Colleague: 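Got a structure for you, written out below as structure tokens; questions coming shortly.
What you see is a predicted model, and the numbers here were worked out from it, not measured in a lab. The sequence lines fix the lettering, A, B, ..., with proteins before strands; numbering per chain opens at 1. When reading the values below, keep in mind they use all heavy atoms of this one structure, side chains included, and skip hydrogens, waters and symmetry mates.
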Protein chains: 2
Amino acid sequence: MAMIGSAETGQPTINDVAAHAGVSKKTVSRVINGSPLLTDATRAKVKQSIEALGFVPNPQARALAFGRNFMIVLLHDNPNAQTVLNFQSGILQAIGNTDLALAVRPVDRSSPAMLDDIREFLEKQRPLGVLLLPPISENDDIARLCTAQGVRYVRVGSAVLDDADHCVASNDREMVAAACRSLIAAGHRSIGFVRGPAGFRSALERETGFRDAIAEAGIRHDPALVFQGNYRFRSGQDAGRALLAVTPPPTAILASNDEMAAGLLYVALERGIKVPQELSIIGFDDSPTASHIWPALSTVRWPILEMGELAARKLVRDFLPGEDKADLPVTLNSTFIERDSVAPPQPSRT
Amino acid sequence: MAMIGSAETGQPTINDVAAHAGVSKKTVSRVINGSPLLTDATRAKVKQSIEALGFVPNPQARALAFGRNFMIVLLHDNPNAQTVLNFQSGILQAIGNTDLALAVRPVDRSSPAMLDDIREFLEKQRPLGVLLLPPISENDDIARLCTAQGVRYVRVGSAVLDDADHCVASNDREMVAAACRSLIAAGHRSIGFVRGPAGFRSALERETGFRDAIAEAGIRHDPALVFQGNYRFRSGQDAGRALLAVTPPPTAILASNDEMAAGLLYVALERGIKVPQELSIIGFDDSPTASHIWPALSTVRWPILEMGELAARKLVRDFLPGEDKADLPVTLNSTFIERDSVAPPQPSRT
DNA sequence: CTTGCAAATGACACCGGTTTCCCTTACACC
DNA sequence: GGTGTAAGGGAAACCGGTGTCATTTGCAAG
């Protein structure tokens, strides 16, 4: 490894501050870390020296003595860029001006070496904690690995996946039910559903919400109207082709995410089917896509930024002096957003 | 700051390896860092001990001795999530299994404290280097700040912004010209242009490409057909309303990015204007939106992932043993992608 | 004016590497 | 065999903080 710059950055060290203030370095350390065992006078004196010298504690040295890097890691394999980035924004909002850095590490769920890769990364970087975004947040092995490595973690999911300290959840089931109810209220009785991939908790929760709502309305569940997608645009197109081929076709389709809803819409427009007059569509996520396609999609806004902030706060609350140790919520509520992709079914078709 | 886990992680240290191999810790250090001054026998013996003990050098300790954290930072204020995430993917591809971590740090270009914030962050984290995404990559003050702090940097832009070691660029001007030529070749003579925000280099480059192409074809430049947007969907809608109100309206519109192109398309569909029969549209970026709207947008694929990888390689090539020190390119080429949003103008309108 | 005890502060080792400097070796040459 | 040179290897200092534990200080009680 080659040399870069100079080790002596000219930055004042804790020793300089100690000398300047006429105290021991340990006392300076106490001031930095907000120890309560200090005279106000001493604290003030040291703070003044820190100001005067422009001292910034060296994070590497702190990390060495502390045994962990002042870093939290976002582990994810979520394909939706907007989701990941919004979540990042939430985290950054929570850690704001602290000494913490946010590192990102995508993982490959399909690789058999995934756990080893994560272990290696955690050993090399020794972060304070990790944040897990779905779908890998649903993997219990990773949570166990973190515990074994002494790394904190918080999992984000569409349902409660862990205890309150290690989990942030949204109420997907309830919100999909609400969205579905709005279709029923508009008069729809034949409603298609595009579910997410098998094995995903979010897919299960959302489908359960759909079934809750139709059961509640006394609508018989028709398996032919449920299509299994994979959260991708293309699978939404496939769903559209499949569901519109059913006789009679559904008058409304609920998709488990916006990308698939966009795929549905694409197929409808391609075939000259008018949305929402001839077909109502609802998505999930409130991704930019939802409002950027025509007609704008009714959807469920998933509070991903807020979840990121909450998850990060749970992770770091013991390290940040200002944070109150009060209980933080586990579940954050989504909102149903009505736009232009829903209308009552056409009489001729009912 | 509270205590977490245990400092003694049970990990073997360099001392354990030294004892196991029967050499001094310095010799082990030499092996780790690939010093050439060692007997092959010694090297082999130490490597064997490292294997046997499963030794992983503690990054904090290395960082302390080294003076910098083994971390590179992505500084960005780019609003496009897909762009940022693709760039991240490229970086991660380049740093792969090395000891380096990728941290992300969004900045607020509109804040007067931006430079101070960045300075503070660099002082606190002391990363190896930073990667700058447009539009802040165009800010020379940040580059100067990095140099002053002894932090390496690489800037990414739509044009060459710095010397070869500190810059990765795309050929936007050329590609927009190519896209525009395809419209001209289809028969369009009245072409609208939606430019990016004032002060953005990318906006300037792309507009220049547009003007190159129409000048080349002998088409008079009509200021009424140029609308200034801000790269957002909504400004694309505004552009659509403005440009379609011109008499006669353009038969084709070139937008400086896909989001604005999507806004144009939205307005056209809303008004019942058929795309591409009555209006051709071309975007720029090849964001997922471009292929997820109907009709799918012709666009220019911006090699953002590849740029991320290249930029990261430039940044770290002196640190990674395997990297050849050969010259890396500065400019990466984009590709024009034809989809379904372009058709010849309708005869009645020409 | 002691004594006692808790609060405030300091001395020093330590975290786990790298660097400096010096001492062995090994070998070539005279 | 003696000596010069260069390479290999080790002891100790160092990077800049934090933890432990002993010591000093301040103040109330006796």
Colleague: Taking the nucleotide of DNA chain C with the closest heavy atom to each, which residue, A:Lys25 or A:Arg43, is nearer the 5' end?
Modeller: A:Arg43
Colleague: Report yes if at least one side-chain N or O of B:Ser29 is closer than 4.0 Å to OP1 or OP2 of C:dT18; otherwise report no.
Modeller: yes
Colleague: Among C:dT18, C:dG16, C:dG10, find the nucleotide with the atom closest to the side chain of B:Ala61.
Modeller: C:dG16
Colleague: Quick check on C:dG16: is either OP1 or OP2 less than 4.0 Å from any side-chain nitrogen or oxygen of B:Asn15?
Modeller: no
Colleague: Let me know which of A:Arg152, A:Lys314, A:Arg155, A:Arg317 forms a salt bridge (charged side-chain N to carboxylate O under 4.0 Å, His left out) with A:Asp165.
Modeller: A:Arg317
Colleague: When you check the phosphate oxygens OP1 and OP2 of C:dT9, does a side-chain N or O of A:Thr27 lie under 4.0 Å from one of them?
Modeller: no
Colleague: Out of C:dT18, D:dG10, D:dT18, which has the shortest distance to the side chain of B:Ser24?
Modeller: D:dG10
Colleague: Ignoring hydrogens and geometry beyond distance, is the side chain of A:Arg30 in donor-acceptor contact with the base of C:dG10 at under 3.5 Å?
Modeller: yes
Colleague: Given D:dC15, C:dA11, D:dG17, identify the nucleotide with an atom nearest to the side chain of A:Phe55.
Modeller: D:dG17
Colleague: D:dG10, D:dG16, C:dT18: which one has an atom nearest the side-chain heavy atoms of B:Val23?
Modeller: D:dG10
Colleague: So if I take every side-chain heavy atom of A:Asn58 and compare against D:dG17, C:dG10, C:dT18, which nucleotide ends up nearest?
Modeller: D:dG17
Colleague: For A:Gln60 and C:dG17, what is the distance between atoms CD and C1' respectively, to the nearest whole Å?
Modeller: 13 Å
Colleague: Consider the side chain of A:Arg62, meaning its heavy atoms from C-beta on, and name the nucleotide among D:dT18, C:dT9, C:dT18 that approaches it most closely.
Modeller: D:dT18
Colleague: Test your reading of the model: is there a side-chain donor-acceptor pair from A:Gln60 to the backbone of B:Gly67, 3.5 Å cut-off?
Modeller: yes
Colleague: Hey, does B:Leu64 reach any base, or is it just sugar-phosphate, or nothing, if we go heavy atoms under 4.0 Å?
Modeller: base
Colleague: Of the nucleotides C:dA8, D:dT18, D:dG9, which one has an atom closest to the side chain of B:Thr42?
Modeller: D:dG9
Colleague: How close do B:Pro329 and B:Leu310 get, counting heavy atoms only, and between which atoms?
Modeller: O-CD2, 3.4 Å
Colleague: If you compare all heavy atoms of B:Met71 against all heavy atoms of A:Ala101, which two are closest, and at what distance to 0.1 Å?
Modeller: CE-CB, 4.1 Å
Colleague: When you measure from the side-chain N and O atoms of B:Thr39 to the phosphate of D:dG9, is any distance below 4.0 Å, counting only OP1 and OP2?
Modeller: yes
Colleague: Evaluate side chain to side chain contact (heavy atoms under 4.5 Å, CB included) for A:Arg144 paired with A:Asp141, printing each intermediate quantity in order.
Modeller: CA-CA 5 Å; A:Arg144 271 192 288 274; A:Asp141 290 338; 2.8 Å; yes
Colleague: Measure distances between side-chain N and O atoms of A:Lys26 and base N and O atoms of D:dG19, and say whether any donor-acceptor pair falls under 3.5 Å.
Modeller: yes
